Amino acid sequence: MPGTDTPSPPLDLFTPAFFQRPHAALAELRDTAPALPVMTPNGLRTWLVTGYEDARALLADPRLSKDMRVGKDLVPRNFADPRKQAEFLKEAGERSQFPHVLSVHMLDSDPPDHTRLRKLVGRAFTARRVESLGPRITALTDELLDGVARHERTDLMEGLAFPVPFTVICWLLGVPPHDRAEFRRWSNLLVSGAGTEEVRDASADMIAYLRTLIAGKRAAPEDDMLSDLVIATDEGERLSSDELIAMAFLLLVAGHETTVNLIGNGALALLRHPAVREQLARDASLWPAAVEEFLRYDGPVTNATWRFTTEPVPVGDVVIPEGEFVTISLGAAGRDPRRYEDPDSLDVTRGNAAGLAFGHGIHHCLGAPLARLEGRIVLSRLFARLPGLRLAVDAGELRWRSSLMMRGLEELPVLTA
């Protein structure tokens, strides 16, 4: 499609079968065109970019906007199927799952708003704070592993991968232990794709809780990141009340979901590659490189968050028109043979594994150092404590979540002895 300036009929790519085995399909598309229109499960047209160099360039390209105050107005006209468009407009007129207050965060904004928000969060999300969490994460991991080891068969997602990052985010936000069960229930509903009424109720409950939590931090700041953000607001850097709530929500969802999948996907990779496990058992200095390889091989975020073009954008010999949504496939970029030799192999001695799993450019994930720290501690402790750990089912029976953004397992059943 050289030089095209109008969208072609989109490919119905994101089927249930695709989510279970995406890598072969993405490799074929990467060989077909640098960018091509595909259709999301709800019928929205978006342009899929699969090559590493193209992905890296577009993640930092200012012609791709993330300001969803503008982007939401593009949604109705970018439906490939008129029936799907009608369904969307009908639903949009009847309800709003996520109130506006939960969307005024830096992930869905452009400069100068993004610059101001990121600066404030960066002041609170310091390297010192992340490093100080190491001993607590190790102790938490060992406590959870005590529970895992008591069962001959268990689900690693529920027993380890979910609770570690969720508890760490609660530490950062200063959520008291007695509130965490309800906080987790709301979080699960907001990212689960549950029914409209459930999500709306969870949104309202989450907002009300965060308002109360923020008020408490303002009255009596504690040693947590949310208190630091409140103090910065009161000292004049100017985060509004709604921005504070949205930022807390973003930290909860992004910080929790990403690391859950890093741990789950990394554990599965090692369960399926015993020789790599032996390498790591012999040489613990390889663990940081191993985490980078897990992020490349089957990263926790399969596609970058939504962007749209503010003018025509060439990608190789394809031109994506103005006003089109763009989906940057981090999963496909991580297995691009033009960047990585033998990309479908798991190699923890790979020298250039560090890639795009946490994005690139101004939206590069601020929480990446924390996710890497958690992944390294949890996975290294898991296989040190349970060297005989093995899958309880055939790998082909495992089910992956049907998510456009996250690459993660529904369950990871294992045998501990």
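For clarity, every value in this text was computed on a predicted model and none was experimentally measured.
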Please tell me if the side chains of E182 and R185 come closer than 4.5 Å, counting only heavy atoms from C-beta onward.
yes
Look at the side chain of T310 and the backbone N and O of R63, then say whether any donor-acceptor pair between them is shorter than 3.5 Å.
yes
Does any non-hydrogen side-chain atom of T259 lie less than 4.5 Å from one of V164?
no
Salt bridge between E410 and R399, side-chain N to carboxylate O under 4.0 Å?
no
Using modelled atom types only, decide if a donor and an acceptor are shared between the side chain of T15 and the backbone of F18 within a distance under 3.5 Å.
yes
Is there side-chain contact between L26 and R335, with at least one heavy-atom pair below 4.5 Å?
no
Fit a plane to each ring of H273 and Y297, take the angle between them on a 0 to 90° scale, and name the class: parallel (under 30°), tilted (30 to 60°) or perpendicular (over 60°).
perpendicular
With a 4.5 Å heavy-atom cut-off, do L268 and L391 have their side chains touching?
yes
Hey, is the main chain of L156 close enough, under 3.5 Å, to the side chain of T154 for a donor-acceptor pair?
no
Using atom types as modelled and distance alone, determine if a side-chain donor or acceptor of T309 lies under 3.5 Å from a backbone N or O of G323.
yes
Does Q20 CD have over 12 foreign heavy atoms under 6.0 Å away?
yes
Pairing donors with acceptors under 3.5 angstrom, does anything connect the side chains of T327 and N303?
no
Check for me whether R307 meets the cation-pi criterion with F325, that is, NZ or CZ under 6.0 Å from the six-membered ring centre and within 45 degrees of the ring axis.
no
Any donor-acceptor pair under 3.5 Å from R118 side chain to I362 backbone
yes
Is there side-chain contact between V121 and L366, with at least one heavy-atom pair below 4.5 Å?
yes
Donor-acceptor contact present, side-chain R350 to main-chain E341, <3.5 Å
yes
Are more than 12 heavy atoms, taken from residues, nucleotides or ligands other than R272, located less than 6.0 Å from that residue's CZ atom?
no
Hey, is CD on E28 packed in by over 12 heavy atoms from elsewhere, all under 6.0 Å?
no
Side chain of D298, backbone of N265: donor and acceptor closer than 3.5 Å?
no
Would T40 and N42 count as a side chain to side chain donor-acceptor pair (under 3.5 Å) here? Give the steps.
CA-CA 5 Å; T40 67; N42 70 352; 2.4 Å; yes
Does any non-hydrogen side-chain atom of D108 lie less than 4.5 Å from one of L250?
no
Hey, does the side chain of D155 reach the backbone of L412 with a donor-acceptor pair shorter than 3.5 angstrom?
yes
Counting only N and O atoms by type, is there a donor-acceptor contact under 3.5 Å from the side chain of T416 to the main-chain atoms of H151?
yes
Closer than 3.5 angstrom, by distance alone: can the side chain of T302 be matched with the main-chain N or O of G331 as a donor-acceptor pair?
no
With the side chain counted from C-beta on, respond yes when H363 and T305 share a heavy-atom pair under 4.5 Å apart, and no when they do not.
no
